[in-house]
Visitor: 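One structure, pasted below without further comment.
Order of the sequence lines fixes the chain letters, A, B, ..., with proteins taken first and strands second; residue numbering starts at 1 for each chain.
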2 protein chains.
Amino acid sequence: MEVSQVTHLAVRGILEGMTAQPSEYHRRVAAQKRTSIVEAATRLFLDSGYDGTSLARIAEAAGVSRATLFKQFTTKAALFEAIVTEYWKVDDEEAPLPEPGNLRAGLETIGRRYVALLAQPGMAALFRIVIAEVPRFPEIGETQFRLGKMPYFESVRRYLAAENAAGTARLDDAETAATQFLGMISNFVFWPRMLLARWEPDDSAVTNAVDQAVLTMLARYGTPGTHGA
Amino acid sequence: MEVSQVTHLAVRGILEGMTAQPSEYHRRVAAQKRTSIVEAATRLFLDSGYDGTSLARIAEAAGVSRATLFKQFTTKAALFEAIVTEYWKVDDEEAPLPEPGNLRAGLETIGRRYVALLAQPGMAALFRIVIAEVPRFPEIGETQFRLGKMPYFESVRRYLAAENAAGTARLDDAETAATQFLGMISNFVFWPRMLLARWEPDDSAVTNAVDQAVLTMLARYGTPGTHGA
DNA sequence: GAGGAGGTGAGCCACTCGGCTCACCACTAA
DNA sequence: TTAGTGGTGAGCCGAGTGGCTCACCTCCTC
């Protein structure tokens with residue numbers, strides 16, 4: 001073996017160890033296959049549940065061989081975890097908190113955002129499957145809680161705290177207040193859907209539910225000036 | 001064949017057609033086996049989910065042969081349905097509504113009853129499996145909703161309507177008010193448990209959640225006299 | 001044009017599943 | 001004593017499961 005060959009091999013080894021670049025093309029193809037797998041798997045999992053979805057069907061729906069599927073996701077559980085995690089990836093940009101000063105308007109804004117989130121297609125199905133599989137995959141439930149529920153809970157909490165500081169609201173416990181607000185809404189627009197497949201309140205009913213929740217919050221936490229408007 | 005025999009057979013035939021009496025003994029044995037099956041199946045279903053529980057394991061846990069299981073429940077789905085339906089059978093006697101006149105005390109009573117129900121062992125697991133299987137067995141979800149949620153919702157609604165009629169509360173829409181009250185409570189004490197396996201607020205936190213929900217209801221729907229006490 | 005990546009198709013493995021059947025047993029009631 | 005019930009154990013069936021492997025192909029990149 002000549003010196004130049006040795007050098008060549010050493011350089012390649014270093015490069016591989018550092019970046020493991022399998023060339024632009026191969027990475028692109030792999031990424032395409034991967035997204036196609038994730039998309040198909042998401043659809044099937046939400047449709048048929050975890051046990052009800054076989055890897056064979058996922059591979060078929062994704063237009064991919066079973067061997068490829070196993071190269072990308074070593075196990076069914078890993079695929080499931082990737083699905084749930086990536087579902088929440090979309091929501092990168094966080095909407096800004098409403099300005100303090102108008103408690104009614106601020107709560108209405110947040111409330112409408114919340115119902116819009118809950119009304120997203122697939123949201124109910126996602127909750128359904130995650131709830132079902134929490135005993136087997138506890139981290140999945142924590143992920144869903146952290147990415148799906150906490151952001152809204154936190155935005156309400158921080159907003160209420162800001163209103164409290166501004167004197168536009170009067171409350172000791174912003175956490176409890178936030179829980180109450182979101183609970184009043186979701187107990188009407190979302191949770192019944194977990195048991196009743198056909199629970200689909202029309203827009204006016206949903207709007208009313210948010211408005212009524214806001215009114216109740218105003219009655220409890222509003223300062224005199226904010227009660228009326 | 002003598003006349004008496006003919007008569008005898010005819011009478012037996014009529015009796016069988018009317019009541020299908022397989023003798024006291026056999027009925028008792030069958031009932032025992034049945035309850036033992038239902039108990040074992042309930043435990044296993046709540047533990048491992050619908051797909052995760054095999055009929056073989058149920059039969060084994062019940063101390064019953066597979067053949068017997070099939071004689072009592074023609075199909076796995078039928079067994080599952082029986083489980084869920086019988087889970088709610090216990091709650092025969094309905095607790096009486098609080099007397100109108102003290103909105104705070106009445107809501108507190110109902111709120112504490114509600115958290116006691118939600119804290120029952122197996123309640124979370126039951127909701128979990130029912131929610132998971134609603135797409136496959138919609139009637140199960142409706143049963144759960146009708147037997148598990150409606151009674152409390154109705155009791156709050158009727159109680160609030162009574163308070164309204166008595167002048168101790170002021171509200172147009174008792175349904176919305178009831179949804180709000182129960183939503184404020186369950187959004188803290190129950191629904192997080194669907195995603196977080198270890199969500200188990202201590203008694204003081206639960207009590208506080210109910211109290212705070214009552215205070216919010218009083219602020220919104222109480223009449224001046226009831227605000228303070 | 002050679003190297004090497006990722007994808008492919010087929011197939012193996014050991015298992016489990018729900019559903020169903022049947023000959024036989026234990027036991028009570030008449 | 002006998003008829004008839006419900007329970008029993010064993011076993012068969014076809015289908016499907018997740019996991020895994022391997023030789024082979026395709027196609028870009030250097």
Visitor: Check for me whether the distance between the ring centres of F80(A) and F73(A) falls short of 6.0 Å.
Guide: no

Visitor: Is the phosphate of dG18(D) approached by T75(A) (side-chain N or O, under 4.0 Å from OP1 or OP2)?
Guide: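 For dG18(D), OP1/OP2 do not have a side-chain N/O of T75(A) under 4.0 Å.
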
Visitor: Send over the distance from Q72(A) CD to dG6(C) P, rounded to a whole Å.
Guide: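 For the pair Q72(A) CD and dG6(C) P, the rounded distance is 9 Å.
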
Visitor: If you measure from the Lys or Arg side-chain nitrogens to the Asp or Glu carboxylate oxygens, is any gap between D211(B) and R112(B) under 4.0 Å?
Guide: yes

Visitor: Can a salt bridge be assigned to the pair R136(B) and D51(B) using a cut-off of 4.0 Å between side-chain N and carboxylate O?
Guide: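 Yes, charged N to carboxylate O under 4.0 Å.
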
Visitor: Could you tell me whether R34(B) and E86(B) make a salt bridge, using a distance below 4.0 angstrom between a side-chain N and a carboxylate O?
Guide: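 Between E86(B) and R34(B) there is a salt bridge, with a charged N closer than 4.0 Å to a carboxylate O.
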
Visitor: Could you tell me the separation between the CD atom of E60(B) and the P atom of dC17(C), rounded to a whole number of Å?
Guide: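 Taking atom P of dC17(C) as the reference, CD of E60(B) is at 11 Å.
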
Visitor: Kindly state whether the ring of Y114(B) and the ring of F181(B) have centres lying under 6.0 angstrom apart.
Guide: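 Between F181(B) and Y114(B), which both carry aromatic rings, the centre distance is not below 6.0 Å.
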
Visitor: Please table the atom pairs, donor to acceptor, closer than 3.5 Å between any side-chain atom in residues 60-72 of chain B and protein atoms at least two apart or in another chain.
Guide:
residue: S65(B); atom: OG; partner: T68(B); partner atom: N; Å: 3.2
residue: S65(B); atom: OG; partner: T68(B); partner atom: OG1; Å: 2.9
residue: Q72(B); atom: NE2; partner: A30(B); partner atom: O; Å: 3.0

Visitor: Using whole Å, what does the distance between atom P of nucleotide dG18(D) and atom CZ of F80(A) come to?
Guide: 14 Å

Visitor: Which of parallel (below 30°), tilted (30 to 60°) and perpendicular (above 60°) describes Y50(A) and F137(A)?
Guide: perpendicular

Visitor: Measuring from atom CD1 of I58(B) to atom CZ of R43(B), what distance do you get when rounded to the nearest 0.5 angstrom?
Guide: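 Rounded to the nearest 0.5 Å, the CD1-CZ separation comes to 10.5 Å.
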
Visitor: Using a strict heavy-atom distance below 4.0 Å, which residues from residues 62-70 of chain B are in contact with DNA chain C?
Guide: R66(B), A67(B), F70(B)

Visitor: Using a 4.0 Å heavy-atom cut-off, does R28(B) contact any base of the nucleic acid, only the sugar-phosphate backbone, or nothing at all?
Guide: nothing

Visitor: Just to be sure I understand the geometry, which residues of residues 29-54 of chain A put a non-hydrogen atom under 4.0 Å away from DNA chain D?
Guide: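 By residue number: T53(A), S54(A).
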
Visitor: From dC27(C), dG18(C), dG19(D), pick the nucleotide closest to the side chain of H26(B)?
Guide: dC27(C)

Visitor: If only atom types and distance count, is the side chain of Q212(B) paired as donor or acceptor with the main-chain N or O of T207(B) below 3.5 Å?
Guide: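 Checking the backbone N and O of T207(B) against the side chain of Q212(B), no donor-acceptor pair under 3.5 Å is found.
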
Visitor: Whole-Å distance between dG19(D) C1' and F73(A) CZ?
Guide: 16 Å

Visitor: Record whether the side chain of K71(A) comes under 3.5 Å of the base of dG7(C) through a donor-acceptor pair of N or O atoms.
Guide: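 A donor-acceptor contact between them is present.
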
Visitor: To the nearest Å, give me how far apart CG (L55(B)) and P (dC17(C)) are.
Guide: 9 Å

Visitor: Rounded to the nearest Å, what distance is computed from the CZ atom of residue R27(A) to the C1' atom of nucleotide dC28(D)?
Guide: 13 Å

